[in-house]
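A short worksheet on the structure shown next.
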Protein chains: 2
Amino acid sequence: MPVTEKQNAKQKFMDFLAKKQLRITSQRQAIIDTVFSTEEHFTAEQLLEWSRHRDKSVSRATVYRTLPLLTESGLVREMDFGKDYKFYDPNYAEHPNHNHIICQDCDKIVEFESEKIAKLEDEISHKLGFSIKAQRLQITGNCEELKKLGACRHKSCHEHE
Amino acid sequence: MPVTEKQNAKQKFMDFLAKKQLRITSQRQAIIDTVFSTEEHFTAEQLLEWSRHRDKSVSRATVYRTLPLLTESGLVREMDFGKDYKFYDPNYAEHPNHNHIICQDCDKIVEFESEKIAKLEDEISHKLGFSIKAQRLQITGNCEELKKLGACRHKSCHEHE
DNA sequence: AAGCTATTGAGAATAGGTCTCAAGTGCAAG
DNA sequence: CTTGCACTTGAGACCTATTCTCAATAGCTT
């Protein structure tokens, strides 16, 4: 993913803040820079840690205050991967319809897009009388195929060999 | 949904317990009877309340201990609807591939199934080297269409009329 | 009926996330 | 370049859903 796309997302968020008459403080800047310089899913705690590398003064409270702004802007999405804490996905600005497939064994997550599925979702939503705002599709499975090919580098995928 | 299907799911869960050499206590019985006599999504707290109608001795701890068994059996699925507590869906025994569409405004939830989407999920999973175990698709939207037709009975759908 | 062992209820404990409040700081107007 | 004020902040208290502990209880096999 080109850096410019992430820069673009960052700018969109700044605009979002401006529109809400919210200030761009140094702490928010550090958090924003962090979020829009990664493609990884992250937890609130990780975001705190990473942001502190840029600005030591970032507090847990500010991270938890900024996260709802990020999700409200639509540029970051809250994800439930069945753990007891939430994950956040910063890739929705560039790929608003992407989906996730997760390996039960090694927790590897692969993102994918499907126009066909998106189209079907639209049709069905309409038929049910809904205007669609967002969708999330999560598939759980095993990366056994990759394992057979020796292409999966994740530990658990090799444990029983 | 015919009562017999729910009875069937109940029996499957009893078998599941037996296979794991777990006992069928009166408290578990009350919880199971409750779960497999509804089609509604419920929270842990609701399950506690409802189960206590059948057996006053059911405790919160036992409900929270039984829930993982239910999900492990595959007959009930944990759902994240963005609230700060989890919901449980007891309809997966009969409809293992059903999906949800949720109205942002009134929280109405409609379930639907789509063979076409399921097929695409299979294809994509395979292509990505995964064997599929489960899937969950959640669409968020507005039930505006229903609102226009006057068919949506949920309060928020009429607030701005 | 006995005994082994899973199971239970009550409440303490945990942990992610939220809230409070006094102190600090963008930033728009002058 | 000041000033002023409303928005923000950090620290830690607080909240609340869920998990854990432990002594008492009760399925189920023999």
Side-chain angles (χ1 to χ4, degrees), chain A residues 13-35 41-73 76-89, chain B residues 13-35 41-73 76-89:
Chain A
F13 188 63
M14 310 279 259
D15 294 347
F16 172 83
L17 289 181
K19 204 173 296 172
K20 299 199 75 170
Q21 291 184 287
L22 297 175
R23 294 174 184 163
I24 296 175
T25 63
S26 66
Q27 292 89 343
R28 274 185 187 150
Q29 190 67 62
I31 294 170
I32 297 168
D33 287 346
T34 304
V35 167
H41 304 145
F42 53 83
T43 64
E45 212 56 32
Q46 285 178 311
L47 180 54
L48 171 62
E49 195 196 320
W50 297 344
S51 298
R52 276 186 167 158
H53 290 163
R54 295 176 189 256
D55 182 342
K56 292 226 176 211
S57 77
V58 174
S59 73
R60 179 168 287 107
T62 296
V63 166
Y64 276 106
R65 284 179 187 123
T66 306
L67 248 5
L69 294 173
L70 286 161
T71 56
E72 195 190 331
S73 76
V76 170
R77 190 85 70 84
E78 201 176 287
M79 305 298 301
D80 172 30
F81 290 131
K83 307 283 175 190
D84 38 6
Y85 33 76
K86 293 169 186 160
F87 280 84
Y88 294 87
D89 183 333
Chain B
F13 187 65
M14 310 280 259
D15 294 347
F16 172 84
L17 289 180
K19 204 173 296 173
K20 299 198 76 170
Q21 292 184 287
L22 297 175
R23 293 173 184 164
I24 296 174
T25 63
S26 67
Q27 292 89 344
R28 274 185 187 149
Q29 190 67 61
I31 293 169
I32 298 168
D33 287 346
T34 303
V35 168
H41 304 146
F42 53 83
T43 64
E45 211 57 31
Q46 285 177 311
L47 181 54
L48 171 63
E49 195 195 320
W50 297 345
S51 298
R52 276 185 168 159
H53 290 162
R54 295 177 189 257
D55 182 341
K56 293 224 176 211
S57 77
V58 174
S59 72
R60 179 168 288 108
T62 296
V63 167
Y64 275 107
R65 285 178 187 121
T66 306
L67 248 5
L69 295 173
L70 287 159
T71 55
E72 194 190 331
S73 76
V76 171
R77 191 86 70 86
E78 201 176 287
M79 305 297 301
D80 172 31
F81 290 131
K83 307 283 176 191
D84 39 4
Y85 33 77
K86 293 169 187 161
F87 280 84
Y88 295 87
D89 183 332

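Convention: sequence-line order gives letters A, B, ...; per-chain numbering from 1.
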(message) So, OP1 or OP2 of D:dA17: does either fall under 4.0 Å of a side-chain N or O from B:Tyr85?
(response) no

(request) Return the value, rounded to whole Å, for the distance between atom CG of B:Leu69 and atom P of C:dA6. (result) 14 Å

(request) Give the ring-plane orientation class for A:Phe42 versus A:Tyr88, where under 30° counts as parallel, over 60° as perpendicular and anything between as tilted. (result) parallel

(message) Quick check for you: among C:dG17, C:dT8, C:dC19, whose closest atom lies nearest to any side-chain atom of A:Ala61?
(response) C:dC19

(request) Would you kindly compare A:Ile24 and B:Thr62 by the position of their nearest DNA chain C nucleotide and give the one closer to the 5′ end? (result) B:Thr62

(request) Return the value, rounded to whole Å, for the distance between atom CG of B:Leu17 and atom P of D:dC28. (result) 10 Å

(request) Measure the distance from CZ on B:Phe87 to P on D:dA17 and round it to the nearest whole Å. (result) 12 Å

(message) Between D:dC7 and A:Arg23, counting only base atoms on the nucleotide and side-chain atoms on the residue, is there a donor-acceptor pair under 3.5 Å?
(response) yes

(message) Could you tell me how far apart B:Asp80 (CG) and D:dA17 (P) are, to the nearest whole angstrom?
(response) 15 Å

(request) Would you check if the side chain of B:Arg28 reaches a backbone N or O of B:Arg23 as a donor-acceptor pair within less than 3.5 Å? (result) yes

(message) Do B:Arg77 and B:His41 make a side-chain contact, defined as non-hydrogen atoms from C-beta onward lying under 4.5 Å apart?
(response) no

(message) At less than 3.5 Å, do the side-chain atoms of A:Arg65 and the base atoms of C:dT20 form a donor-acceptor pair?
(response) yes

(message) Please confirm whether the shortest side-chain N or O distance from A:Tyr64 to OP1 or OP2 of C:dG17 is below 4.0 Å.
(response) yes

(message) In this structure, how many angstroms lie between the P atom of C:dT7 and the CG atom of B:Asp55, rounded?
(response) 16 Å

(request) Would you kindly compare B:Asp84 and B:Leu22 by the position of their nearest DNA chain D nucleotide and give the one closer to the 5′ end? (result) B:Asp84

(request) Rounded off to whole Å, could you give me the CG-to-P distance for the A:Leu48 and D:dA11 pair? (result) 11 Å

(message) Pick the closest DNA chain D nucleotide for B:Lys86 and for A:Val63 by heavy atoms, then say which residue is nearer the 5' end.
(response) A:Val63

(message) Quick check on D:dT18: is either OP1 or OP2 less than 4.0 Å from any side-chain nitrogen or oxygen of B:Arg60?
(response) no

(message) In this structure, how many angstroms lie between the C1' atom of C:dG17 and the NZ atom of B:Lys83, rounded?
(response) 17 Å

(request) Among B:Leu69, B:Leu48, B:Val58, B:Asp55, find the one that has a side-chain contact (heavy atoms from CB on, under 4.5 Å) with B:Ile31. (result) B:Val58

(message) Counting C-beta onward and ignoring hydrogens, is there a side-chain heavy-atom pair between B:Asp33 and B:Gln29 closer than 4.5 Å?
(response) yes

(request) Nearest whole angstrom, please: distance from the P of D:dT18 to the CD of B:Glu45. (result) 8 Å

(request) Please determine, for the side chain of A:Gln27, which listed nucleotide (C:dT18, D:dT18, D:dT9) has the closest atom? (result) D:dT9

(request) Report yes if a side-chain nitrogen or oxygen of B:Thr25 is closer than 4.0 Å to either non-bridging phosphate oxygen (OP1 or OP2) of C:dT8; otherwise report no. (result) yes

